[in-house]
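Nothing fancy with the numbering, it's 1 onward along the sequence. Just so it is clear, the model here is predicted, and its values are computed rather than measured. Whatever order the structure lists ligands and atoms in, that order sets their numbers, starting from 1.
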Amino acid sequence: MAEQKDLPHAAGPAGGWGSLRGIAHAYGDALPSPAALRSLGRINKPKGVMCVSCAWPKPANYSAFEFCENGAKATLWELTSARCTPAFWDEEGHTVTALRDWKDHDLEKTGRLTHPLRYNAATDRYEEVSWDEAFAAIGATLNALPKNSAVFYASGHAGLEASYLYALLARVHGTNNLPQSSNMCHETTSVGLTKVIGSPVGTIVWEDLAETDAFFVFGQNPGTNSPRFLHPMKELKDRGGKIVTFNPVIEQGLVSFVDPQSPAAMLTGKETAISDQYHQVKAGGDIAAILGLCKCVVEADDAAKAAGTAEVIDHAFVQQHTTGFDSFIQSCRDADWAEIERESGLTEAALREAAAVYIAAEKVIGVYGMGLTQHAHGALNIAMLVNLLLLRGNIGRPGAGCCPVRGHSNVQGQRTVGIAEKAHLVPLDKLKELFGFDPPTEDGMNIVHAAEALFEGKVKAFISLGGNLVRAVPDQHRMEAAWAAQDLTVMVSTKLNRSHLFPAKQAYILPCLGRFETDEQATGPQTITSEDSFSMISASIGYRAPVSESVKSELAIVAGIAKATLPPLPTLQWDAWTADYGLVRDLIERTYPDDFRNYNKRMYQAGGFYRGNGAHERVWKTPEGKAVFTTPDALNSVGFQDAPGRYRLITMRSNDQFNTTIYGYSDRLRGLEGSRDIVLMCPEDIAEAGLTDGQTITLITDVADGHDRRLSGLKLTAYQLPRGTIAGYYPECNVLVPMQHHDALSGTPASKSVPVRVEAD
Ligand SMILES: Nc1nc2c(c(=O)[nH]1)N[C@H]1C(S)=C(S)[C@@H](COP(=O)(O)OP(=O)(O)OC[C@H]3O[C@@H](n4cnc5c(=O)[nH]c(N)nc54)[C@H](O)[C@@H]3O)O[C@H]1N2
Ligand SMILES: Nc1nc2c(c(=O)[nH]1)N[C@H]1C(S)=C(S)[C@@H](COP(=O)(O)OP(=O)(O)OC[C@H]3O[C@@H](n4cnc5c(=O)[nH]c(N)nc54)[C@H](O)[C@@H]3O)O[C@H]1N2
Ligand SMILES: [Mo]
């Protein structure tokens, strides 16, 4: 366990009074109406509203306040009473160009968007436009362009119904260019997990959390990004289970937790220690670390065999369910501890301690997030974690499994219902049968492909269903220029953001309802559904008055664009579908009958309904028909060589943001306050580089590809990190990430190890 007293910025526990202060602070800043606070009680309840924040599931037996600090912040941020009306653009200094100097926080703080807007290049401002005019112009422009020059992006916000129709719109238009935010996030999981266990998503269900003996947590930060996960973690600790964490940064949520929903804990300040062991692996060092763990398991199994005691490897499982075992085992035996230590930054002794917990636990859940996915060999990171789990049969039995923690509340579900650039993931024959058109069979572009095509001027139109792509992707400066050079940008948004400030020749901002608002259509109020990290699908019903009479639901906007763009096939019932979302759910059920059986009824079940997952039942949908052991061909995941003066930069989230939405400047759980323009480095590296704590520096990307990428004015901040690993905030650091620096298999940007140099300002 790393020594807390060594931390230059020791912070209080996750949860506790600090989290209530965090919520109160966001409340003060986000200006919600008092009724907004009452909305918190409706989050994640049956017939309530699914939290707009992360994709952590809601339990069937929900507690009175099934929300968390950051869910509350996201809610209050959406329910702000501030409005960004067309009058905003009449004010002095509010030109698009001038607004580029504003911070992300200040842009979104202008409040909810209330009217459809069109960019006017003559005044350099957006101005109000009617919905009909906007739809007609968008349709005409899309139809004048080559079909494959249009891209239909989705961030993971919109519900399953709008998402299904959005994918249908793109395909009837003639393209599979349907990238999604998961291309920057868990695409490594979709591709990497599918390769080794035949499932693109996690294998555990809610009940497994209560049964497990240990969590092994790699590169996921529940305290900030999925705080409701801290409750099952605390429960595991209360029943004597173990948590072992691998993370270069000491994340307070993984150190200790005070349950803000427990009056006793709040009054006594009783902290639950979360991690029994905290291993500060180097950024990109997980492959070596996990190889070390597996080496210990193999050794223990050999010893057991020699001593005639119970086997450590589950050989019956391995025999029946896996392939590739012999080669992998050989690589464990061959692995050299000195190399493992050098590549992971961890000692053999520390890894042996972690392996002892793994071996002693009967049921283990492997948890991971962006710390594994966002690397040049991210898919190998995941395959290594799966290797570890497979050795002891820890997939597909109660209390055990693989748990990727997803990001956006419906990011997984959007992929389920057809937002996918890969044609083979979609039942195209079903679409043809249902709608009578020939869906495109050629793969579309993922985010990296789309960005590269933008740089080459081949993409001419970008439609965004939510999100802030220009700010979220790598190579932000190149993106901004290329984005603005297009013929058309259309952004379906709730708040103003940086992507709006690089309008194409024709640019529209189309404001949509938030999830808390009543979605009143011709047949009455509508329900939407979403899918969480555990493949549970549940309903969400808004009940607050819409922010303005001029906003539309996401589904109505998609239908509006579709009607204005596509030929009027009799099978395309855009008006009827907009009037009754139940009809869209019927279509989803007909397209995916196994997953969505009896959809319109089951969506109201407490906790939602389970879509099912082969790997959970030990049915492996891989080409081999088995789970696959992967022999590593690299010992770190960074994809570049170490060199003197070259650091591995982690781009991290603060406790006061949701992706590019910045609530404030308090990263409370890391003890960092007041500024996001900082870079963290360990004291030894600061000294060796001849720098001093507190001085301002420039980060320069250490890649020789003809592009100069740098970020200046960052305050160097001494922090307890492994040697050679430094950290700065996402999205600010996105100017530094080269577009070509991504996971080899899935294309997920390698945002957790960017090669950079440091220069004093
Ligand atoms: N409040 C809040 N909630 C969110 C979000 C948000 O921005 N704010 N974003 C949502 C989204 S879209 C997503 S995808 C999830 C993201 O949630 P997470 O997956 O937790 O993502 P990050 O915070 O980017 O990084 C996770 C952790 O990886 C560690 N890490 C970095 N590099 C390495 C490495 O090489 N190895 C290991 N082992 N660890 C490493 C970092 O220190 C960090 O603690 O959260 C979702 N929930
Ligand atoms: N360097 C670096 N880059 C990263 C990451 C990283 O860790 N490091 N993380 C990556 C990850 S995991 C992700 S998921 C992406 C996120 O990328 P995106 O999903 O594109 O970005 P967000 O910041 O989530 O989008 C915020 C905007 O969404 C809009 N919005 C909010 N709610 C709604 C809604 O209900 N409906 C609609 N239509 N719009 C809404 C608002 O206008 C808001 O400004 O960023 C990626 N980029
Ligand atoms: Mo994400």
* Evaluate the criterion side chain to side chain donor-acceptor pair (under 3.5 Å) for residue pair Glu187 and Ser746; output intermediate values, then yes/no. => CA-CA 6 Å; Glu187 188 63 17; Ser746 65; over 6 Å; no
* Structure fact -> Here the atoms of ligand 2 under 4.0 Å from any heavy atom belonging to Val492 are 37 (C), 38 (N), 39 (N)
* Quick one: look at Thr494 and ligand 2, take heavy-atom pairs under 4.0 Å, and tell me if it's side chain, backbone, both or neither. => both
* How does Asn221 reach ligand 1, if at all, at less than 4.0 Å between non-hydrogen atoms: by side chain, backbone, both, or neither? -> both
* Considering only heavy atoms of Ser751, which atoms of ligand 2 have at least one such atom less than 4.0 Å away? -> 1 (N), 2 (C), 3 (N), 8 (N)
* Asked: Within the structure, does Lys752 bring an N/O atom to less than 3.5 angstrom of an N/O atom in ligand 1?
  -> yes
* **ligand 1 N/O within reach of Phe246 N/O, cut-off under 3.5 Å** => yes
* Structure fact -> The protein heavy atom nearest to atom 43 (C) of ligand 2 is Glu108 OE2, 3.3 Å
* Asked: Which is it for Val281 and ligand 1 at heavy atoms under 4.0 Å: side chain, backbone, both or neither?
  -> side chain
* Answer with yes or no after comparing the ring centroid distance for Trp77 and Phe658 against a 6.0 Å cut-off, counting only values under it. => no
* **Side-chain ion pair, Arg515 and Glu78, N-O less than 4.0 Å** => no
* Could you say whether the N/O atoms of Gly369 and ligand 1 ever approach to under 3.5 Å? => no
* To do: Could you tell me whether Ser654 and ligand 1 have an N or O pair separated by under 3.5 Å?
  => no
* Structure fact -> atom 26 (C) of ligand 1 has as its nearest protein heavy atom Gly219 O, 3.4 Å
* Of the listed options Thr651, Asn225, Ile287, closest to atom 45 (O) of ligand 1 (non-hydrogen atoms) -> Asn225
* Salt bridge present between Lys752 and Asp743 (N-O < 4.0 angstrom) -> no
* Atom indices of ligand 2 within 4.0 angstrom of Asn497 heavy atoms, with elements -> 27 (C), 42 (O), 43 (C), 44 (O)
* **Pairing of Arg676 and Glu732 as salt bridge, 4.0 angstrom limit** => yes
* To do: Report yes or no: does a heavy atom of Lys495 sit under 4.0 Å from some atom of ligand 2?
  => yes
* Heavy-atom nearest neighbour in the protein, as seen from atom 12 (S) of ligand 1, with distance rounded to 0.1 Å -> Asn659 ND2, 3.3 Å
* To do: Among Asp667, Thr651, Asn734, Asp677, find the one that has a side-chain hydrogen bond (donor to acceptor under 3.5 Å, both in side chains) with Tyr729.
  => Asp667
* Structure fact -> Of His105, Lys73, Arg471, Glu108, the one forming a side-chain hydrogen bond (donor to acceptor under 3.5 Å, both in side chains) with Thr661 is Glu108
* **Contact partition for Ile650 relative to ligand 1, non-hydrogen atoms under 4.0 Å** => side chain
* Structure fact -> Nearest non-hydrogen protein atom to atom 35 (O) of ligand 2, with distance, is His157 CB, 3.8 Å
* atom 14 (S) of ligand 1: which of Ser155, Cys185, Gly378, Gly71 has the nearest heavy atom? -> Cys185
* Structure fact -> Ranked by distance from atom 11 (C) of ligand 2, the top protein heavy atom is Arg653 NH2, 3.5 Å
* Residue selection (non-hydrogen contact nearest atom 42 (O) of ligand 1) among Asn247, Asn70, Asp656 -> Asn247
* **Residue, atom name and distance, where the atom is the protein heavy atom closest to atom 38 (N) of ligand 1** => Asp286 OD1, 2.8 Å
* **Atoms in ligand 2 with a heavy atom of Tyr153 nearer than 4.0 Å** => 17 (O), 18 (P), 19 (O), 20 (O)
* **Contact with ligand 1 for Ser226, non-hydrogen, under 4.0 angstrom** => no
* Structure fact -> atom 2 (C) of ligand 1: of Gln657, Lys73, Lys282, Gln280, the nearest heavy atom sits on Gln657
* Touching ligand 1 at all, Met652? Heavy atoms, strictly under 4.0 Å? -> no
* To do: Apply side-chain contact (heavy atoms from CB on, under 4.5 Å) to Leu351 and Phe246, showing your working.
  => CA-CA 10 Å; Leu351 289 168; Phe246 291 81; 4.0 Å; yes
* Asked: Does ligand 1 have a heavy atom under 4.0 Å from the side chain of His186, from its backbone, from both, or from neither?
  -> neither
* **Val405 touching ligand 1 at heavy-atom level, < 4.0 angstrom** => no
* To do: Kindly identify the option in Ile509, Thr660, Asn183 whose heavy atom sits closest to atom 23 (O) of ligand 2.
  => Thr660
* To do: Identify, for atom 1 (N) of ligand 2, the protein heavy atom at the shortest distance, and state residue, atom and that distance.
  => Asn734 OD1, 2.6 Å
* Cation-aromatic face contact Arg100/Phe502, 6.0 Å, 45 degrees -> yes
* Do Met184 and ligand 2 have an N or O pair less than 3.5 Å apart? -> no
* Structure fact -> closest protein heavy atom to atom 34 (C) of ligand 1 is Gly371 O, 3.3 Å
* Could you tell me the residue and atom name of the protein heavy atom closest to atom 4 (C) of ligand 2, and the distance to it rounded to 0.1 Å? => Tyr730 CE1, 3.1 Å
* Which pairs pass salt bridge (charged side-chain N to carboxylate O under 4.0 Å, His left out) with one or both residues in residues 720-731, sequence neighbours excluded? -> Asp685-Arg723, Glu688-Arg723
* **atom 36 (N) of ligand 2: nearest protein contact (heavy atom, Å)** => Glu554 OE2, 2.6 Å
* Identify the protein heavy atom lying closest to atom 21 (O) of ligand 1, giving its residue, its atom name and the separation to 0.1 Å. => Met370 CG, 3.2 Å
* To do: Could you tell me whether Arg406 and ligand 1 have an N or O pair separated by under 3.5 Å?
  => no
* Contact check: Ala472 vs ligand 2, nitrogen or oxygen atoms, below 3.5 angstrom -> yes
* Structure fact -> Scanning both residues in full, the closest heavy-atom pair of Glu421 with Pro179 reads OE1-CA, 3.9 Å
* Is Arg709 salt-bridged to Asp475, going by a charged N under 4.0 Å from an acidic O? -> yes
* Write out the residue and atom name of the closest protein heavy atom to atom 44 (O) of ligand 1, then the distance separating them to 0.1 Å. => Glu251 OE2, 2.5 Å
* To do: May I ask you to say whether Lys109 pairs ionically with Asp106, meaning some side-chain N is under 4.0 Å from a carboxylate O?
  => no
* Structure fact -> protein heavy-atom neighbour closest to atom 13 (C) of ligand 1 works out as Gly407 CA, 3.2 Å
* Could you tell me whether some N/O pair between His408 and ligand 1 is separated by less than 3.5 angstrom? => no
* Does ligand 2 have any atom that is closer than 4.0 Å to a heavy atom of Cys512? -> yes
* **Distance-only N or O hit between ligand 1 and Gln374, under 3.5 Å** => no
* Can you tell which of Ser553, Gly466, Ser181 gets a heavy atom nearest to atom 39 (N) of ligand 2? -> Gly466
Show me the side-chain donor-acceptor pairs of residues 286-293 shorter than 3.5 Å, one per line, residues at least two apart or across chains.
none

* Heavy atom of the protein closest to atom 28 (O) of ligand 2 (residue, atom name, distance) -> Gly467 N, 3.2 Å
